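One structure below.
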Protein chains: 2
Amino acid sequence: MAATIHDVARHAGVSSRTVTNVLNDYKWVSDETRRRVRRSIDELEFVPNPVARNLRLGRTGLLALAVPNLMASYFAELSEALVDAATLRGFGVVIELTKADPAEELRLLATRARSRLFDGLIFSPLGLGPRELHEVKCMLPVVMLGERVHGDFDHVGVDNVQAAADAVEHLIAMGRRRIAVIGRDNGTGIYRTEGYRRALEHAGIVYDESLVAPTSNYFLDDGSAAMAHLLDQGVMPDAVFCCNDTLAIGALRTLFEHGLHVPNDVAVVGFDDVDDGRYAIPSLTTIAPDKAGLAAMAVDRLVRRMDGDTSPAADLVIPHRLVVRESTAGLAAERATPRAHQRRPRPAASTTRQATSGVASKRPSRSGARRDGTGTS
Amino acid sequence: MAATIHDVARHAGVSSRTVTNVLNDYKWVSDETRRRVRRSIDELEFVPNPVARNLRLGRTGLLALAVPNLMASYFAELSEALVDAATLRGFGVVIELTKADPAEELRLLATRARSRLFDGLIFSPLGLGPRELHEVKCMLPVVMLGERVHGDFDHVGVDNVQAAADAVEHLIAMGRRRIAVIGRDNGTGIYRTEGYRRALEHAGIVYDESLVAPTSNYFLDDGSAAMAHLLDQGVMPDAVFCCNDTLAIGALRTLFEHGLHVPNDVAVVGFDDVDDGRYAIPSLTTIAPDKAGLAAMAVDRLVRRMDGDTSPAADLVIPHRLVVRESTAGLAAERATPRAHQRRPRPAASTTRQATSGVASKRPSRSGARRDGTGTS
DNA sequence: CTCAACCTTGCGATCGATGGCAAGGTGAAT
DNA sequence: ATTCACCTTGCCATCGATCGCAAGGTTGAG
């Protein structure tokens, strides 16, 4: 059905060897021949069969990306960033959903990774703990995301403990004392809760188990349920640190339903700087990791390994920063201090503009003005 | 490095032919041999090289899924559903991000689809209009999502015009008259706006161009900007129909910033029933398509085509329903009528429970009670 | 004329699994 | 002893592209 290299050769009146030479930019091909071959390729709509090529070359041009799910915005955004980064380097990306299931994650590393269908694997483990991961040895290059694991895998991620501590420190700086935490029991959650603990300790606040609402998952549901659980138990915090934005948005909803005002009654901080958080009501204070940087770094690392780099496993820490929004600073605070708290990159473009948000009135209507056009006023 | 079928044969003391026989459940293999071969496979950790197998068989076990992005929750949820459905049938999924770029979408259909790297393609076109798509002929099985196109592609999707009309009818039933629409200018948006127009017409309300806020994209940003644009122009609607939930959530934010109450001042309806909408403040009334059903149907259709089904292109319509939440019914309305408006499937499980939401108080605290435990009260 | 640089080609092995074919080998039934 | 059903095998072509090798061709410079 589809044309092969031989069809092209016949059509162009050359040998198949010459066609390969053209395809691979071999040194000694005359311009004339090159042109003729190219024309035949176009006319026959020939596309080299990657499967055959890959069999020969031992590479498939595919990376596998293993994430727990795509429903949690963080993983959706992360995946998008990684697909972009991979595409830039000519790799396709196969998405594998692990559902944070340890068995599934192991199967992926142990079996599926041996299939040679992928040239590399970017893995965001949630189910497997450091100990299990330590055991696994994997045939193909792997870059781990999320929390550092103690196997000999390359790793890219933020300093979760420090970042969480930053977030909680911010709450303390805002005068909060009874600070709850939601989300301890998943991969990175453990480390983020540790950061929470340290920040409290540093401020001389005692760590109170009853303020900890563990969730094994990290969906909106879970944040909402955990918050409700806290309130139902009569625990009344004046702030909540959520191990990610999705949990935080769920928690916002529960607080709203309970008639509690954020941040007046309870301040909320998330983690990840997911797009939704910017548009939440109130907008969500959060820790923003450099996701694009993370993606680029992960792919870069992987490609380097595929090219034979055998240096010892690296632990790459990407920067993070605190983004203060209404859920801790409040509407009034934001209005009073129109500092450039936020960065709002437009998803499509890559320009980065500074802009305030959360301003409720006095919006100079310029024709065709963008929503954030007030940033200049 | 990695073991091949021949290594296994040698190790088990049989011929490679026998190993193939075992691998493919050939009829005449003695149990004894079968066991021995299996043991060798395990010991050598042999996994058949899919690339070689595929070269021979002409199939790769991979489906391509082309969506514009993963940032818009709908596509994230859709992708997750499709990956699940494909995994169930033993297919891997390669995600291709088109960015809603017509050129990219064409390249995908015309070139990348010829690569034989995929056995099939599930395509969610946004950039290409029906006319362009009509032209394209594609070598491999394709199932189209979103709006029906008039090429000879299989198609799975909701009846966008009808569904949009349902949504707007609901607004009209709630007594709204000045109903704006956000989002016309993208693939499905055109059809949804058409549904909007019909519902107005049916109710004898004149279609007013100044109430139409077109957006070419469908991110939070765009919804927010479009809403601001309407308000800045002095257009004061009493309801807004947004062509998807993401736009709607963006619009909610702008309304909030302008100090307008939803739904008292402005009612808002979205489309897609994205997870975020359930947790938005206020929770979002929306049109819920059966996403899991859609995913299953799409994969099913694709597999059937791959197996040689040559029946004429099918147009499969999946059911939708209106889900009424606070953004049109309001807190009070919900509290007054604890009807089972909503279905809230837990992402992980597939059980479907009826539950009210948006109840602000009187939450009977049962130990370990789920957030939606009030549904029985 | 000779040599070298440049271009093109046919041949054939290679990547790893598949599977047709014919040829054997069992053991049991006829 | 013969037939047959059952099991196992070696051999080889196949999928399509890659690439080394040797050989043959054309130039033009020396």
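Numbers restart at 1 for each chain; the letters A, B, ... are given by sequence-line order, proteins then strands. Quick caveat, the model's predicted, so the values are computed rather than measured.
Among the protein residues, Asn24(B) comes within range of the sugar-phosphate backbone only, with heavy atoms under 4.0 Å from sugar or phosphate atoms but none that close to a base. Nucleic acid contact for Val19(A): none, since no nucleic acid atom lies under 4.0 Å from a heavy atom of the residue. Val14(B) comes within 4.0 angstrom of sugar-phosphate atoms only, judged by non-hydrogen atoms across all strands, and of no base.
We find that CZ of Arg56(A) is positioned 10 Å from P of dG16(C), with the value rounded to whole Å. In this entry the distance linking CG of Asn21(A) with P of dA17(D) reads 14 Å, nearest Å. Between the CZ atom of Arg10(A) and the C1' atom of dT9(C) there is a distance of 16 Å, given to the nearest Å. Whole-Å rounding puts the Ile5(B) CD1 to dG19(C) P distance at 10 Å. Separating the CG atom of Leu57(B) from the P atom of dA13(D) is a distance of 20 Å, rounded to the nearest angstrom. Computed from coordinates, the Arg36(A) CZ to dT8(C) C1' distance equals 11 Å when rounded to whole Å. In this structure, Arg34(B) atom CZ and dC6(D) atom C1' are separated by 13 Å, rounded to whole Å. Per the geometry, CG belonging to Asp7(A) stands 9 Å off P belonging to dG16(D), to the nearest Å.
Tested against Ser40(A) for a side chain to side chain donor-acceptor pair (under 3.5 Å), the candidates Arg10(A), Arg35(A), His11(A) yield a single pass: His11(A).
The stretch residues 39-49 of chain B comes close to DNA chain C through Phe46(B), Pro48(B), Asn49(B), each having a heavy atom under 4.0 Å from the strand.
You'll find that the side chain of Thr33(B) is closest to dC7(D), out of dA17(D), dC7(D), dC11(C).
Between the side chain of Arg17(B) and the base of dG20(C), at least one donor-acceptor pair of N or O atoms lies under 3.5 Å.
Between Ser30(B) and dT8(D) there is a side-chain polar atom (N or O) within less than 4.0 angstrom of OP1 or OP2. The phosphate of dT18(D) (OP1 or OP2) has a side-chain N or O of Arg53(A) nearer than 4.0 angstrom. Between Ser15(A) and dG10(C) there is a side-chain polar atom (N or O) within less than 4.0 angstrom of OP1 or OP2.
A salt bridge does not link Lys291(A) with Asp84(A): none of the charged nitrogens is closer than 4.0 Å to a carboxylate oxygen. In summary, Arg112(A) and Glu104(A) do not engage in a salt bridge, as defined by a charged side-chain N under 4.0 Å from a carboxylate O. Between Asp42(A) and Arg38(A), no side-chain nitrogen of the basic residue sits less than 4.0 Å from a carboxylate oxygen of the acidic one, so the salt-bridge criterion is not met.
Applying the side chain to side chain donor-acceptor pair (under 3.5 Å) test to Ser311(A) and every residue at least two apart in sequence or in another chain returns Asp309(A).
Residues Leu23(A) and Ile41(A) form a side-chain contact, since some pair of their non-hydrogen atoms from C-beta on lies under 4.5 Å apart.
Counting only N and O atoms by type, the side chains of Arg53(A) and Asn49(A) include no donor and acceptor under 3.5 Å apart.
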